[in-house]
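Only one structure is covered here, and it is reproduced in the block below.
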Amino acid sequence: MDHRHGFLYGLDEKLEHSKKKPAFLHPSNRWTNVLTVIENNKAQHQAWGPWTLGSVRKIKILSFLFGLTVTVLIMASYIMTKDQKGLFLTPSPYHLTVESHPAQLSLNLSFTADYTVVREVVRSIVAKVDFSHRRVPDLEQVRGKEPNIFSAIPRKFLPHLKNPCWYEEFFGNVTADPYGKNLYALYSKRFQAIYDHLRRAFPAHLHQHAGRQYRLRCLPFFYIIGQPKCGTTDLYDRLRLHPEVHFTTMKEPHWWTRKRFGIIRLSNGFHNPYPLNDYLDLFDQAANQIQDHLTSNSSKSHKKVDIIIGEASASTMWDNNAWVYFYDNGTEVEPPFLVQDFIHAVQPDARFIVMLRDPVERLYSDYLYFGMANKSVEDFHERVRLQVGLYVIYLLDWLSVFSREQILILRLEDHAANRKITMRRVFEFLQLGPLTLQKEADITKSPASNTRRPANRSLGPMLPITKEILQSFYEPFNQRLAQVLRDPAFLWT
């Protein structure tokens, strides 16, 4: 498999005609390796190519060649400098071995002159940012690429259910363990008690019809799709308290982006792909409750069951890295299929919730949460990585297949300031029933989840120069985001 090419992608100027052409850089070029600056994230993210931004389309090659040329000249002047300390520009993990390859170089940020140089490099690059189009595959192409998904999931779901569900004929032995081979169950010990309960409840929830047995299968009504360290856990914990909302057995199954490819951590190699049925099993706890409501209702009343299921994997919005390994082997083209193409083909009416925050602060929070030992503001300055904060790139890819009305976009800053307002927006978006004042208070007044640890808070804010450089880098992307959403709050100025 040829992994020589790292990819850069941009965005369209006209959202309704979202089509893109690819542009790419060759990490086999030694100076391209030096240019790479990427997002710090969990261990499973670290093996991805830094410029393989998945759905990140081309920030056009001519623009970056200009910035690259400037960088080459600057870096040449510092190669001989020893004891350098500063913003590391690290090589792409996708590079082929090149003789005399600089394993790791850094800009000397110990002097004011060097800061000026870095500022100019960032300005040179972001001034040339240009957004262009993504080519959206047609439905039959998508269905043909993953036939196992579309042969198992029907095109129409049961009426009188708000959540997308269907009956699937069950051919197995009722006395056998239906979850015995489920990879989520095997590798998630803390959920064993839930699976034990599901095993015991399984026979009673089989639907009998014409001498055959059927099980109720469900997909999510909505997905919390991102972004990491933007308050998705807090939103998830509050939504779980709503009586009409249920979630998957585990919070972040990461099936669409990783597990269906057998990806857990690339550093540990590939594992067996998680089958679709293993993913669907995660919805069985909620499906059983929906089934109970169905059987308790009179067949003549056709009372609508309003229970909905949510799925909350923060990688869903941005992680399309697996395509390099499975789609066309990375042959110098943009990703031919994205996660959202498959979800749209299965569930064209699905709803999505996105939580965003100032990308500079998100990046620092991500570093503090997932960073290694001996964290410091200086270490952050050296390790800073960027791609997940390019929100508008991912958002426009989602808007190429889903309508704006299907995606609710929230800011963590607004949620922290007034949780009641943001949760009411979420309830309205999901078309949930009214709550008592006490229940609403229980949901909105509970302490925030997944906040910064005390040890990390003691490190204080990032270095001013780091913040300045990052703000300069993200500025054009935030401007485009604010333009698309028609909301200046997303400028984070």
Side-chain angles (χ1 to χ4, degrees), residues 15 157 161-165 218-228 230-248 251-252 256 283 286 290 304-318 339-340 343-344 346-357 391-392 394-437 439-446 448-450 481-482 484-490:
L15 180 59
F157 303 113
L161 293 181
K162 183 177 178 180
N163 199 84
C165 299
C218 297
L219 285 168
F221 177 80
F222 72 97
Y223 297 79
I224 300 175
I225 61 175
Q227 290 286 56
C230 290
T232 57
T233 298
D234 187 73
L235 177 63
Y236 166 85
D237 286 340
R238 294 179 194 282
L239 269 175
R240 289 177 63 193
L241 299 176
H242 196 289
E244 294 177 8
V245 177
H246 298 268
F247 278 94
T248 49
K251 176 180 178 284
E252 295 189 278
W256 289 102
F283 302 97
I290 293 174
K304 187 176 180 64
V305 178
D306 291 325
I307 292 175
I308 61 173
I309 308 174
E311 202 256 64
S313 298
S315 66
T316 306
M317 182 176 180
W318 66 271
V339 167
Q340 52 266 45
I343 298 179
H344 179 263
V346 170
Q347 294 178 262
D349 298 323
R351 292 173 177 259
F352 305 90
I353 302 175
V354 177
M355 288 280 280
L356 304 177
R357 71 190 289 189
Y391 305 139
V392 69
Y394 306 109
L395 177 61
L396 285 180
D397 280 339
W398 282 86
L399 289 171
S400 69
V401 289
F402 290 100
S403 71
R404 178 67 181 85
E405 291 71 27
Q406 290 175 264
I407 305 176
L408 175 64
I409 301 163
L410 305 170
R411 295 193 332 143
L412 175 60
E413 293 87 351
D414 299 330
H415 180 64
N418 194 325
R419 296 186 186 96
K420 181 180 289 188
I421 290 177
T422 57
M423 293 310 298
R424 284 181 175 178
R425 289 184 63 191
V426 172
F427 298 155
E428 180 180 3
F429 175 72
L430 298 178
Q431 301 171 344
L432 297 174
L435 294 170
T436 64
L437 292 178
K439 190 61 178 178
E440 184 180 44
D442 292 342
I443 293 174
T444 59
K445 292 184 179 181
S446 58
S449 300
N450 204 25
L481 179 65
V484 170
L485 300 180
R486 300 178 182 178
D487 188 345
F490 289 92

Kindly give the heavy-atom pair with the smallest separation between [X] and [Y], and that separation in Å.
| X | Y | result |
| --- | --- | --- |
| N163 | L219 | ND2-O, 2.7 Å |
| G231 | L412 | CA-CD1, 3.9 Å |
| F283 | C218 | CD1-O, 3.4 Å |
| F221 | L430 | CE2-O, 3.9 Å |
| R425 | L408 | NH2-CD1, 3.5 Å |
| Y223 | A350 | CE1-CB, 4.2 Å |

Interatomic spacing from [atom1] in [X] to [atom2] in [Y] - rounded to 0.5 Å:
| X | Y | atom1 | atom2 | answer |
| --- | --- | --- | --- | --- |
| W318 | I225 | CH2 | CD1 | 13.0 Å |
| D442 | L437 | CG | CG | 11.0 Å |
| M355 | I224 | CE | CD1 | 8.5 Å |
| T422 | I353 | OG1 | CD1 | 10.5 Å |
| Q227 | Y394 | CD | OH | 7.0 Å |
| I290 | D306 | CD1 | CG | 10.5 Å |

Heavy atoms, side chains only, cut-off 4.5 Å: are [X] and [Y] in contact?
| X | Y | value |
| --- | --- | --- |
| E440 | R424 | yes |
| T316 | E252 | no |
| I409 | F490 | yes |
| D349 | F157 | no |
| F222 | Q347 | no |
| Q340 | F352 | no |
| L410 | V426 | yes |

Pairs meeting criterion salt bridge (Lys or Arg N to Asp or Glu O under 4.0 Å) with involvement of residues 410-422, two or more places apart: R411-D414
R238 side chain to T444 side chain, donor-acceptor N/O pair below 3.5 angstrom: no
Ring-face cation contact, F247 with R240, 6.0 Å cut, 45° max: no
Ring pair (Phe, Tyr, Trp, His ring centres under 6.0 Å) against H415, all qualifying residues, sequence neighbours excluded: none
Set of side-chain contact (heavy atoms from CB on, under 4.5 Å) partners for P243, sequence neighbours left out: L435, K439
Worked check of side chain to side chain contact (heavy atoms under 4.5 Å, CB included) between M423 and L239: CA-CA 8 Å; M423 293 310 298; L239 269 175; 4.2 Å; yes
Stepwise side chain to side chain contact (heavy atoms under 4.5 Å, CB included) check, I343 with W398: CA-CA 10 Å; I343 298 179; W398 282 86; 4.0 Å; yes
